[in-house]
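Below: one structure, written as structure tokens.
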Amino acid sequence: MTEQTAVHSPTPLERRQQLWLWFGVAAGPLIWAIHLVLAYALQSLSCQWQFLHTTILGMHGLRFTLLVITILAVLLIVYGGVVAYGFWRRFRSLEYGQGDGRREPERGRLPFMAYVGVAFSALFALVTLLMLTPILALDICG
Amino acid sequence: MATIASPGETPERMAGSPDTLERVWQPPGGFIGWFSVVNHRSIGQRYIVTGMFFFILAGIAGLLMRIQLAVPENTFLNPELYNQLFTLHGTTMMFLFAVPIMEGVGIYLVPLMIGARDMAFPRLNAFGYYTFLISGIVLWFSLLIGSAPDGGWFAYVPLTGPRFSPGPGIDFYATLITFLEVAALVAAVELIITIFKMRAPGMSLNRIPLFVWAILVMAFMIVFAMPPLMVASIELMMDRTVGTHFFNPAAGGDPLLWQHLFWFFGHPEVYIILIPGLGMVSAIVATFSRRPFVGHTLVVIALIAIGFLSFGLWVHHMFAVGLPIVGASFFTVASVMIAIPSGIQIFATLATMWSGKVVLKAPMLFVLGFIFIFVLGGITGVMVAAIPFDLQVHDTYFVVAHFHYVLIGGAVFPLFAGFYYWFPKLTGRLLDERLGKWHFWLLFIGFNATFFPMHITGFLGMPRRVYTFLPGLGWDLLNFISTAATFVLAAGIVLFMFNVFKSWRQGQVAGNNPWGAGTLEWAAASPPAPYNFRSTPVVESLEPLWYKQAHDPAEHEIRHVDAANETQDQFGLQDFQRESLGTSPLDAAPEQRIVLPGPSIIPLLTALAVAFTFVGAMIDVVLVPIGAFLVFLVIVAWHWPSREEQAISHPATTSPPGLLPTSVVASNHGSQPPIWGGMLLLLLIESVVFASLISSYLYLRSGAIEWPLGGIEKPDLLLPSINVLVLLASSIPIFIADQGIRKGNQTRLRFGLIAGAVLAIVFLTLKYIEYSSLDYDWTSNAYGSIVWTITGFHSAHVISLLLKTIVVVILAFKGYFTAERNIGVQVNGIYWHFVVVVWIPLFITLYLLPYLLDPL
């Protein structure tokens, strides 16, 4: 072959849109990680140093705080998933093809990233949500 | 974007002969030549062979342990030797076999799978191997002198502290673990940059093979997991040698700090070992099911999710230490939920087999073994993730059974599958299929008969790490069965070694693609030419060879890969120097010609200098700065451009019109060279190190009633605050120097660098004045230990910055840097700014937090 093989380029995205796409991809795992470290540290320090030991809306202050930050984290992760889903809907009809007929069409890079973001958000939202189980069910400083 | 010359327009200089490429890439021969080799396949092979050697050593240690436990009150081994053997067994398996061999397989295969001619930093690759080799030799040498570490592979304090382990054994452990981590991190950086910057055009993120994804995830996990262990092992060494108190509760230290730091590394470690195994399984199952892997994107998601979730599990190793139940339960959630992505991998494997036409050759047998054993191990993993259950089986043989099922099932079986699968690519010959089947059944039966009884032994209460047991506890027969079965397992390994030796020279000739596989490595020759691919391939699907076969029935191989009549690469890679194509990270669009170094003895010398530093730390602390200076000298030699390379007209700097720019000047042509990404990864690793130090500080503070400890006054703020401003100011002339040379301004470059260096010296001087007036030091208590350590570590960075900048200044005065060629200044600059910026959170931690957290 003597002519240059064309290299497939994705639909160009503006820089701001690229940042939003990366937010959609990374929101799930990053927010889960930050939440885990915050919740673990807060629970440990609060019980040790005796702060947040008040009653808020009928609930132990520490339990209430952990409940709030967990719900906030879940909502933020879900938002990331919504952003990713928006990109997936936009791109999934584009850049498909090149399947060889024996299997499903191969995703292009952009819908691939968007799909990853949606899946990450679903999984990490679930993992974060399940952290409410010990927060609500156990003795908060036991 | 630079245009690509078509062959018809190529200047004469570039049309090299096929022999030129062979000559340029051929590894050197001879004794010295062997130590100078930097080709990725040679280095990868060495990692694999050395890793298997340590596997056998550790296996022999395990066999000896099992003989000791065959019958109650056995006297085959004394308790001291038994403790050393189980420590060496675990340490070797985890640090000297599993991680290096997975990295080695990656180093060998990744460039072939992505269409590259080598890895991004060949000399760094070689350095990593020698570091690994030397650390393994020194560790096992400790057994020969009767001073092997004996505190377990996890080395819990206070047992391994200076009071209860005064001998040199734990010094060997702590020093060599740190040394080994350097090797692991180096290989991780290599793999990440190679995968992001050197993929064949067309291999966008969505077309990366699953094995390459697995290696990428593994490498990123190493970047985040290893630094905390480095911090922990350095803190342990300091407690043992220079009198610090990180883990001494009598002086404000905390033994749990060790456990947190160790297991923050230790749990991801097991997934670092598992994930490449999953990648191998994916590659093999697709080939032997004769169809693409089902759910490719889902499996990518699963691999990355496992990588992330594995960092949220570490406390499940500490369920029995008395942590608050709510906090510990957070880690139960992640420990259970990691079964979801793991399950996706298993179900995708089963779906691929179900919907394909399975060919049951030896590699597939080992994959079936993986499925059975790993799933069993995963089930017991979910069991121990529940705190109440874990409290019953903690420290019993149930846990031993669990982790051998997941590690041997999840890593060793896939590894053997990979050996049978890729052996033809390495050697050009197939392993004997009949011996392979015998090997599988001996391993499978031997493994299950050895380790399954341990579930029951554990339930019956047999603790871990005991060198013998009393008769009549119900453990006798089970232990005997485990020991007898170990010999069956060992026979399988011996049979495999025989198969390898026999087949290497006499095995059936394989051809390029004996399995009819679809990924790119099978387009290269078996074994591949030293340059892998004569012309860089272009990829159009996930399985390039199957795609070509489907669309061009007359074309059974990727074109331009190794055609004898092709005299040059279609992207203009030159034959007279080592070059590989550089592409963009996400879409693999061609960007640059990466110029790669040839053979060199310097990586070995650097590894020896680093070894001198670490081993010296065990002998006398004064040897550490001497060793560090030796390391500095060899690193200068490593990077110093030759007289030829200094010339502006050197081919690495100039490119004929129509060709892609080289990596030396790429930063001036819209793309960044691999060294830029390598530096960013180094900064990421350093950030994790500093974060671990800050975490150590906060952890020690959280457990203290008063802070600072021992009546020490809160830190003075005036001089340190002035010093922060001095350090921040030093970034300005460095920035001016960088911007200046980009416009070709030599004066700004030279004087900017000098001004920055002067400010750094002022910073160090003020730091010295501040610390020489303190009435406490690192031996006073845990507060003194952590404060002096953090400051000392950062100051060491400033010193290394100064030394680097001196070298850059010398090159600047020699006129080496130009408007075109200045990546060295950029890289130096970004490291400088990092060292400055990282001081901000350190300053806040050391100087402001004692005031801010005072009310608590």
Side-chain angles (χ1 to χ4, degrees), chain A residues 1-10 28-30 32-33 36-37 39-45 47-51 62-63 66 95 98-104 106-113 115-116 118-120 123-124 126-128 130-135 137-142, chain B residues 3-4 6-8 201-202 204-207 291-292 294 296-298 300-302 304-305 307-309 311-312 315 323-334 336-338 340-341 538 540-543 546-547 549-551 559-560 570-571 583 586-590 698 702-703 853 856:
Chain A
M1 182 170 105
T2 53
E3 74 278 4
Q4 185 59 59
T5 304
V7 174
H8 174 76
S9 298
L30 286 183
W32 162 79
L36 175 65
V37 171
Y40 183 62
L42 188 63
Q43 190 272 336
S44 176
L45 293 174
C47 293
Q48 199 167 344
W49 292 351
Q50 304 282 303
F51 63 92
L62 173 60
R63 195 191 307 276
L66 289 173
E95 300 176 27
Q98 293 155 356
D100 62 3
R102 291 184 293 166
R103 55 187 171 86
E104 68 272 12
E106 172 197 300
R107 288 187 181 83
R109 196 260 295 174
L110 287 174
F112 169 84
M113 286 180 69
Y115 185 84
V116 167
V118 171
F120 273 173
L123 176 65
F124 285 98
L126 179 62
V127 178
T128 308
L130 284 174
M131 284 179 57
L132 282 178
T133 313
I135 289 169
L138 298 178
D139 179 359
I140 201 70
C141 281
Chain B
T3 56
I4 315 297
S6 64
S204 45
L205 278 190
N206 53 300
R207 291 190 184 142
R291 61 147 296 145
V294 167
H296 173 266
T297 307
L298 271 179
V300 172
I301 290 164
I304 303 172
F308 272 101
L309 284 172
F311 281 91
V315 170
L323 295 172
I325 195 77
V326 168
S329 298
F330 291 157
F331 294 86
T332 291
V333 171
V336 167
M337 294 299 284
I338 204 165
I340 293 180
V538 173
E540 293 169 75
S541 81
L542 266 172
E543 291 90 12
W546 288 349
Y547 179 77
Q549 210 167 349
H551 285 73
R559 292 173 73 190
H560 306 292
Q570 61 178 317
F571 292 99
T583 54
L586 299 181
D587 296 304
L698 294 174
S702 71
L853 295 180
L856 298 166

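Letters go in sequence order (proteins before strands), and every chain restarts at 1.
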Please report the interatomic distance [atom1]([X]) to [atom2]([Y]), rounded to the nearest 0.5 Å.
X      : Y      : atom1 : atom2 : result
A:M113 : B:L205 : CE    : CG    : 6.5 Å
A:Y115 : B:N206 : OH    : CG    : 13.5 Å
B:F330 : A:I135 : CZ    : CD1   : 4.0 Å
B:S329 : A:L130 : OG    : CG    : 12.5 Å

Practice task
Sort A:L45 into side chain, backbone, both or neither according to what part of it lies under 4.5 angstrom from a heavy atom of chain B.
Solution key: side chain
Practice task
Tell me, for A:A39 versus chain B, whether the close heavy atoms (under 4.5 Å) come from the side chain, the backbone, both or neither.
Solution key: both
Handout entry: Aromatic plane relationship, B:H296 with A:F112 - under 30° parallel, 30 to 60° tilted, over 60° perpendicular
Key = tilted
Handout entry: B:V336 versus chain A, the contacting section by heavy-atom distance below 4.5 Å
Key = neither
Exercise for the section: Name the region of B:L698, side chain, backbone, both or neither, that has any atom closer than 4.5 Å to a heavy atom of chain A. Expected result: neither
Handout entry: Chi angles and distances behind the side-chain contact (heavy atoms from CB on, under 4.5 Å) call for B:I340, A:L126
Key = CA-CA 11 Å; B:I340 293 180; A:L126 179 62; 4.3 Å; yes
Locate the shortest heavy-atom distance separating [X] from [Y]; write the atom from each residue and the value.
X      : Y      : value
A:P134 : B:V326 : O-CG2, 4.0 Å
B:F308 : A:L30  : CE2-CD2, 4.5 Å
B:A334 : A:W32  : CB-CZ2, 4.4 Å

Exercise for the section: Kindly determine whether B:F311 and A:L36 satisfy side-chain contact (heavy atoms from CB on, under 4.5 Å), including the steps that lead there. Expected result: CA-CA 10 Å; B:F311 281 91; A:L36 175 65; over 6 Å; no
Completion exercise
Ranked by heavy-atom pairs below 4.5 Å to chain A, first place among B:L309, B:T332, B:I304 goes to B:L309
